[in-house]
Amino acid sequence: MTAGIIGMWSTWWFGLIIGLILGIVAMFQPNSKIMWKSGMTAILRNLGIAIGIGIVGILIGKFIMANSNLTWDFPADLIDKKNFITVGTMHEFSYAGGIIGLFYGILYQLKIKKASAQHRL
């Protein structure tokens, strides 16, 4: 439970930035209905991508990284090095997933905008 709380406190700002960017992009939609739908869908897809890539990070951390001879600067009182590596890898992969999801969300919203513009013609 403590690790989850620490994870939330260390990443809340990243989600805030992504949400702001996707929200700003959504404001360029032709009407409020499309704006809300495209913005919320982009955010949910971004979240799914970040979670999916985070799960890939768990698998890579657990089965590859934790079993290699890493020379990271580990805390002196570290008890479970393998789980520490697994969680750290998941954390970094989740950031990568957030960035990938951000680009996907922007492209998704631009596609919606283009489709609605063509539909109006």
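These numbers come from a predicted model, not from an experiment.
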Could you list the donor-acceptor pairs under 3.5 angstrom formed between side-chain atoms of residues 18-36 and any protein atom two or more places apart in sequence or on another chain?
unit_1: Q29; atom_1: NE2; unit_2: S38; atom_2: OG; d: 3.4
unit_1: Q29; atom_1: NE2; unit_2: Q109; atom_2: O; d: 2.9
unit_1: N31; atom_1: OD1; unit_2: K33; atom_2: N; d: 3.1
unit_1: N31; atom_1: OD1; unit_2: I34; atom_2: N; d: 2.8

I'd like a table of donor-acceptor pairs (distance under 3.5 Å, sequence neighbours excluded) in which one partner is a side-chain atom from residues 46-60, with atom names and distances.
unit_1: N46; atom_1: ND2; unit_2: G98; atom_2: O; d: 3.3
unit_1: N46; atom_1: ND2; unit_2: G101; atom_2: O; d: 3.1

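Following chains of ILVMFWY side-chain contacts shorter than 4.5 Å, one can reach I43 starting from L102, so the two form part of one hydrophobic cluster. Transitive grouping of hydrophobic side chains (ILVMFWY, heavy atoms separated by less than 4.5 Å) brings W72 and I64 into a common cluster. Y104 and M40 are not part of a single hydrophobic cluster, where members link through side-chain heavy atoms under 4.5 Å apart. Taken together through direct or relayed side-chain contacts under 4.5 Å among Ile, Leu, Val, Met, Phe, Trp and Tyr, W12 and I99 form part of one hydrophobic cluster. Linking ILVMFWY residues whenever their side-chain heavy atoms come closer than 4.5 Å, directly or via other members, places M65 and L78 in the same cluster.
Counting only residues at least two apart or in different chains, side chain to side chain donor-acceptor pair (under 3.5 Å) contacts with residues 53-68 comprise N67-K82.
With sequence neighbours excluded, the residues forming a side chain to side chain contact (heavy atoms under 4.5 Å, CB included) with Y95 are T11, W13, F14, H91, E92, listed by chain and number. Applying the side chain to side chain contact (heavy atoms under 4.5 Å, CB included) rule to K111 yields no partners; only residues at least two apart in sequence or on another chain are considered. For K37, the side chain to side chain contact (heavy atoms under 4.5 Å, CB included) partners two or more places apart in sequence, or in a different chain, are T41.
Annotation: cation-pi geometry satisfied between R45 and Y108 (NZ/CZ under 6.0 angstrom from ring centroid, within 45° of ring axis).
From L107, atom CG reaches atom NZ of K114 across 12.0 Å, with rounding to the nearest 0.5 Å.
Crowding of I79 atom CD1: a count of heavy atoms from other residues, nucleotides or ligands under 6.0 Å not exceeding 12. Around CH2 of W9, the count of heavy atoms belonging to other residues, nucleotides or ligands within 6.0 Å does not exceed 12.
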